[in-house]
Amino acid sequence: MILPREFYKRDALTVAKALLGKIVVHETAEGRSAGRIVETEAYVGPEDKASHAYQGLRTKRTETQFGEKGHAYIYLIYGLYYCFNVVVGEVSGKPEAVLMRALEPVEGIQLMSKRRSAAGGNVVKLANGPGKLCAALGISNRQNGLDVCVPPFFIQDGPVVSDEEIETATRIGVDYADEWKNKPWRFYIRNCSFVSVRNK
DNA sequence: TGCACGATTCTCT
DNA sequence: GAGAATCGTGCAA
C-alpha cells in the first residue's frame, strides 16, 4: 500500500525514523525497480543551517521544499550526482525534508545493476549512498517535484522496524553547518549491511 | 556576467 | 587515503 500524504505531515525527525523499512518504487519504461529504505537524514529548515532552505532561502532550486508535503525534492550535487528527498513537516509551507541515504534493493536488481555498472554486480553497493540510490532507481532532476503518493514514483509500506533496530548518528557531509552538524538527525537500521559506510 | 563551491562517488596508489 | 570529475546555484560585481 502506498503511504498516504498524512504520513508526511509530521515533523522531519519523526518521518525520517518512520521511513526506515519503507519501500521506494520507481516504474519506468525500462521496468520496475524498488528498494527498502535503510538510512535517512532529517533536514529541519529554515533554522537548520545544513538545509538548503536555511533562513527560509527560497529559490528556483528550493522551491519544491516549500510546496506540498509528500513531494520529491531532487537536486544535483557536485555536478555529478542526484540526491532524493521527500518534503515533510507539520506546518504547511515550512521547508522540512528527509534525505534518503541508502536502500536495500528488493526489486529490479538486474535493472539497477545495469544503471550502476560501477557496483560491479555487488548488490550491497547498488544503493548504499544518496547519489548511488538515485542512479540505481533511475532518478534525476526529471523526477523533481513529483508526488510520491502516486505512481510511477512512490513510497509504499514495508516491514515494521522496531525502535531497538534504529540507530541514531550525526549527519554526513555538512561540516560547514557549525553547531547543526552535530545534531543526531541521521537514522539507520542497526546491523544492516546496506547502509552507507562512512561515519562521522 | 562571472566565479567559487557542494546533503558525492569512483579510481588509482 | 588522496584526488579528480563536473555543473547548477547563489551571491558578488
Side-chain angles (χ1 to χ4, degrees), chain A residues 8 11-13 15-17 19-20 24 35 37-67 71-89 94-105 112-146 148 155 167-188 193-200:
Chain A
Y8 305 100
D11 72 273
L13 299 181
V15 180
K17 270 192 285 192
L19 277 172
L20 292 175
V24 180
I37 299 170
V38 298
E39 184 178 3
T40 63
E41 272 180 22
Y43 284 85
V44 187
E47 59 265 34
D48 181 2
K49 190 170 183 180
S51 168
H52 288 160
Y54 177 53
Q55 289 185 328
L57 179 66
R58 183 168 185 161
T59 62
K60 194 172 182 180
R61 176 173 65 152
T62 63
E63 185 63 30
T64 52
Q65 280 200 61
F66 292 84
H71 282 231
Y73 170 52
I74 295 161
Y75 65 92
L76 183 67
I77 188 64
Y78 298 116
L80 294 172
Y81 303 99
Y82 291 98
C83 289
F84 167 41
N85 304 246
V86 177
V87 180
V88 302
K94 185 182 177 186
E96 295 190 19
V98 175
L99 167 69
M100 312 298 160
R101 287 196 57 87
L103 295 181
E104 172 185 346
M112 291 174 142
S113 296
K114 182 180 157 194
R115 290 174 176 145
R116 293 261 312 121
S117 54
N122 185 334
V123 178
V124 173
K125 294 182 179 177
L126 277 182
N128 63 333
K132 301 177 185 178
L133 167 166
C134 288
L137 289 180
I139 297 172
S140 70
N141 57 348
R142 287 195 307 281
Q143 277 71 39
N144 186 34
L146 283 189
V148 298
I155 300 177
E167 194 77 56
T168 302
T170 54
R171 293 178 293 183
I172 289 177
V174 292
D175 289 345
Y176 60 87
D178 299 335
E179 70 268 29
W180 297 99
K181 73 181 180 187
N182 295 318
K183 297 288 181 184
W185 291 348
R186 170 172 164 234
F187 307 95
Y188 59 93
S193 54
F194 293 92
V195 304
S196 58
V197 194
R198 291 168 56 196
N199 206 345
K200 297 206 171 170

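Protein chains get the first letters and strands the later ones, always in sequence-line order, with residue 1 at the start of each. As a basis for the values below, the full set of heavy atoms in this structure was taken, side chains included, without hydrogen atoms, waters or symmetry mates.
Using a cutoff of 4.0 Å between basic side-chain nitrogens and carboxylate oxygens, D178(A) and K49(A) are scored as salt-bridged. Salt bridge E41(A)/K183(A): absent, no basic N to carboxylate O contact under 4.0 Å.
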Where do N or O atoms of nucleotides 10-13 of chain C meet protein N or O atoms at under 3.5 Å, pair by pair?
| from | atom 1 | to | atom 2 | distance (Å) |
| --- | --- | --- | --- | --- |
| dG10(C) | OP1 | T59(A) | OG1 | 2.5 |
| dG10(C) | OP2 | T59(A) | OG1 | 3.2 |

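Rounded to an integer number of Å, the gap from CD of Q65(A) to C1' of dA7(B) is 10 Å. In this structure, the CG atom of N128(A) is 12 Å from the C1' atom of dC10(B), given to the nearest Å. Straight-line distance from the OH atom of Y43(A) to the C1' atom of dG6(B): 12 Å, rounded to whole Å. Computed from coordinates, the Y81(A) OH to dG6(B) P distance equals 17 Å when rounded to whole Å. We find that CZ of F84(A) is positioned 16 Å from P of dT8(B), with the value rounded to whole Å. Remark: C1' of dG8(C) and CG of L80(A) are 12 Å apart, rounded to the nearest angstrom. Taking atom OH of residue Y73(A) and atom C1' of nucleotide dG8(C), one finds them 11 Å apart after rounding to whole Å. The separation between Y82(A) atom OH and dG6(B) atom P is 19 Å, rounded to whole Å.
Within 4.0 Å of N141(A), counting heavy atoms only, lies no atom of the nucleic acid at all. At the heavy-atom level, A118(A) lies under 4.0 Å from the strands shown only through sugar-phosphate atoms. Looking at heavy-atom distances under 4.0 Å, R116(A) makes contact with sugar-phosphate atoms alone, never a base.
A cation-pi contact, defined as under 6.0 Å to the ring centre and within 45° of the axis, links R171(A) to Y43(A).
Here the closest non-hydrogen pair linking A72(A) and F84(A) is CB-CE1, 3.8 Å. In terms of heavy-atom proximity, V44(A) sits nearest to A12(A) at CG2-CB, 3.9 Å. Nearest heavy-atom pair, G56(A) versus P46(A), reported as atom, atom and distance to 0.1 Å: N-CB, 3.0 Å.
In this structure, the aromatic ring of Y78(A) is not positioned over the six-membered ring of the base of dA5(C) within 5.5 Å between centres and 30° between planes.
Residue T170(A) holds its OG1 atom at 7.0 Å from CG of N182(A), rounded to the nearest 0.5 Å. Distance check, rounded to the nearest 0.5 Å: CG of L137(A) to CE of M112(A) gives 4.5 Å.
Phosphate proximity of dA7(B) to Y176(A): present, with a side-chain N or O under 4.0 Å from OP1 or OP2.
Secondary-structure stems of DNA chain B, taken as three or more successive Watson-Crick or G-U wobble pairs (i with j, i+1 with j-1) under a 3.5 Å distance threshold, comprise B:1-6 with C:7-12, B:8-12 with C:1-5.
When I172(A), I37(A), N128(A), T40(A) are each tested for a side chain to side chain contact (heavy atoms under 4.5 Å, CB included) with R101(A), only one passes: I172(A).
Of the candidates dA7(B), dT9(B), dT6(C), dT9(B) carries the atom nearest the K132(A) side chain, counting heavy atoms from C-beta on.
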